[in-house]
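Here's the structure we're looking at; comments come further down.
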Protein chains: 2
Amino acid sequence: MARSPQKSSTPASGNAVTADLVAVLVAVTDGTPDIMTIAGGSALPSGPFEFTHRSLQTALRAWVEAQTGHPLGYVEQLYTFADRGRSGDARSPHSVSISYLGLTREDEVGEGFEAHWSGWYDYFPWEDHRAGAPGFIAKSIAPKLKAWAKAAPSPALQRERWQRCAITFGLDDRDWNEELVLQRYELLWEASLIPEANHSRGREASVVPGKPMTADHRRILATGIARLRAKIKYRPVVFELMPAEFTLLQLQRSVEALAGRLVHKQNFRRLIEQQELVEETGAMAADTVGRPAKLFRFRHAVLAERAVAGTKLPLSRT
Amino acid sequence: MARSPQKSSTPASGNAVTADLVAVLVAVTDGTPDIMTIAGGSALPSGPFEFTHRSLQTALRAWVEAQTGHPLGYVEQLYTFADRGRSGDARSPHSVSISYLGLTREDEVGEGFEAHWSGWYDYFPWEDHRAGAPGFIAKSIAPKLKAWAKAAPSPALQRERWQRCAITFGLDDRDWNEELVLQRYELLWEASLIPEANHSRGREASVVPGKPMTADHRRILATGIARLRAKIKYRPVVFELMPAEFTLLQLQRSVEALAGRLVHKQNFRRLIEQQELVEETGAMAADTVGRPAKLFRFRHAVLAERAVAGTKLPLSRT
DNA sequence: GCCATTTATACTCTCCGTGAGCATAAGATG
DNA sequence: CATCTTATGCTCACGGAGAGTATAAATGGC
């Protein structure tokens, strides 16, 4: 880097790169969180950034709308990668990849596109704790992690590795922290339990369940899931994923789908209502089992009232 | 964007860009939060990304260490900009700017460099509420914002604008939220109260106090301050800014310097100690007024123990 | 040496948010 | 009508956080 602030655009050939966008587009249907994928579910939608657009967000929105025929509700930048070793070949034109998180409603997606939806727990089965911790964590993942920890060169490093495993996966009676999606993925990668890791070549038997993805797309997805799980706790972004009218249980199911854990029903309702996030439509839910529920809609006014202030969901760490 | 995930590096001439890094480097000395600046304090350190480095972080660290002669404690990506209108001239080689937040210790900076430190409240005087809300907010900023709100075309829009002003600046008896740094800056920009805004040309009399910066550097700084103010509440990053040994009051003063608000001393100590973030060195502070305080050091073990879990500071929103 | 001043440090008290559980209501189904 | 399922109202106990009181330990001025 040079010190001059203004003349940063010295068009030296060594600095020319291409800019790529990668999108984590999320929707929720019937309690299943989905992401948009291409290439048979093996990659996230991505491609070169067109500088005909005014900004990155504009480019992303335009592209998604062309794909789905519907505007993107919420967009947020995730991370920018420029690692040299990323593109595979060594000294080819370098590429900067800018990843985004976008929220939309699945039911509005048009037909006839290559893109389609995949459940995000297909890629991260260990992240779904709605029915308790998945059995294979204790049965399969934990022992493999233990073996990896034991393989460390010194006893101190062995303890350190295992402590990391225990913290991120909630082992040894620790609490499960649903926000550590990326840390868990990176840990599994380091332990060579992820097919994408080069150093797990030829050892396909010893990998963990979960569908792999092209390049580092699954890592980007992990980043997106982690960001979203954190975000729903203090911003009213869940509503971007809901239909115009919904019951409180449907809302709760969506939150639980994203968080990968269950919440206390009464407390959930108390929180939603006391924050005045929703208002009754007057109508009741039809075609339902059990007592019919009131229908609610999101009070869009809260976006102006509270601006960036706060929304709370009963997902706090204990 | 195309749909193919792999062949993203079509070296079409229209997609070639240059990658720039912009850094918000923070240090705290004697209760003053400083940022590294160049060009007489009118710009953040920035320059083209050298692809000889393995990653963006590596490049940033190498550069900062060359500048300051000291390793960078904590580094975090802030945001990536690729707005077309950003570089000023229209169709020149496009540039992607990747901004970073970095924490370091000011006293370790080498001599003889162009870079030097500037107090960050020079650029954002309205952000320092340690001695209560600065008087010029009520005297100068609020009336100008009110005028701007009144200039909206419809009564509804006028109310909306004013509500936004009141929320972000804590007017009308609202609480001051120190995290809304970026929102406040953007609001002032929209209201043409910021010299950097093109539409305030020739109206220099009606701008708000605070030193301007080149291009959108002050906006990037606002992003960094906001991120840091949020971060110190749940991650032990303050310690990256502290000397090896410090008293609890010094620690508190640093937190207050960053947050721009005071905290309750006893509660602060209770929180720090019950979380076992620090340990006594055994020594006492010398050359001090009043009763001497114990010296503490950061317990680096917490980084391993809690990994990403949690650190709390008494800065919660009430 | 005494006092004012400044900082350090120990306790206490109250309020409220939150987790958790109990109880009841209102539909559908057989 | 019994049962199942979901909706909805209410209570209770615990713990964390804000705020205040009290005391200890140093300095400097007179």
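Chain A is the first sequence line, chain B the second, and so forth, proteins listed ahead of strands; every chain is numbered from 1. As a basis for the values below, the full set of heavy atoms in this structure was taken, side chains included, without hydrogen atoms, waters or symmetry mates. For clarity, every value in this text was computed on a predicted model and none was experimentally measured.
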Check the side chains of [Y] and [X] for a donor-acceptor pair under 3.5 angstrom, ignoring hydrogens and angles.
| X | Y | value |
| --- | --- | --- |
| A:Y74 | A:E240 | no |
| B:Q183 | B:Y185 | no |
| B:E127 | B:H129 | no |

Would you list the protein and nucleotides 20-23 of chain C atom pairs, both N or O, that sit under 3.5 Å from each other?
| from | atom 1 | to | atom 2 | distance (Å) |
| --- | --- | --- | --- | --- |
| C:dA20 | N7 | A:N267 | OD1 | 3.3 |
| C:dA20 | N7 | A:N267 | ND2 | 3.0 |
| C:dA20 | N6 | A:N267 | OD1 | 3.4 |
| C:dG21 | N7 | A:H264 | NE2 | 3.3 |
| C:dC22 | N4 | A:Q266 | NE2 | 2.5 |

request  = For B:L248, report the nucleic acid contact type (base, sugar-phosphate, nothing); a contact means any heavy atom under 4.0 Å.
outcome  =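 B:L248: no heavy atom of the nucleic acid under 4.0 Å.
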How many whole angstroms separate atom [atom1] of [X] from atom [atom2] of [N]?
| X | N | atom1 | atom2 | value |
| --- | --- | --- | --- | --- |
| A:L249 | C:dA26 | CG | C1' | 15 Å |
| A:L295 | D:dA7 | CG | C1' | 13 Å |
| A:Q250 | D:dT6 | CD | P | 12 Å |
| B:Q275 | D:dG16 | CD | C1' | 11 Å |
| A:R269 | C:dT24 | CZ | C1' | 14 Å |
| A:L251 | D:dT6 | CG | C1' | 16 Å |
| A:Q274 | C:dG17 | CD | P | 7 Å |
| B:L271 | C:dC11 | CG | C1' | 17 Å |

Carboxylate-amine/guanidinium contact A:R130 A:E256, below 4.0 Å =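 Judged by the 4.0 Å cut-off on N to carboxylate O distance, A:R130 and A:E256 do not form a salt bridge.
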query = When only distance counts, do a donor and an acceptor, one from the side chain of A:R291 and one from the base of C:dA26, lie under 3.5 Å apart?
reply =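 Result: no qualifying N/O pair found.
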query = On the ring face of B:W176, is B:R184 found with NZ or CZ under 6.0 Å from the centre and within 45° of the axis?
reply =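 Yes, B:R184 sits over the ring of B:W176.
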query = When the nearest nucleotide of DNA chain C is assigned to B:T247 and to A:M284 on a heavy-atom basis, which residue is associated with the more 5' position?
reply =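 The residue whose closest nucleotide sits nearer the 5' end is B:T247.
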query = Within the pair A:K265 and D:dT8, is there a side-chain N or O less than 4.0 Å away from OP1 or OP2?
reply =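 No, A:K265 has no side-chain N/O under 4.0 Å of OP1/OP2 on D:dT8.
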task = Kindly assign one of parallel, tilted or perpendicular to the pair B:W126 and B:F169, based on the angle between their ring planes and the thresholds 30° and 60°.
result =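 Geometry flag for B:F169 against B:W126: tilted rings.
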message = Is it the case that the side chain of B:T37 and the backbone of B:H116 share a donor-acceptor pair, with hydrogens and angles ignored and the cut-off at 3.5 Å?
response =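 Looks like yes, one N/O pair under 3.5 Å.
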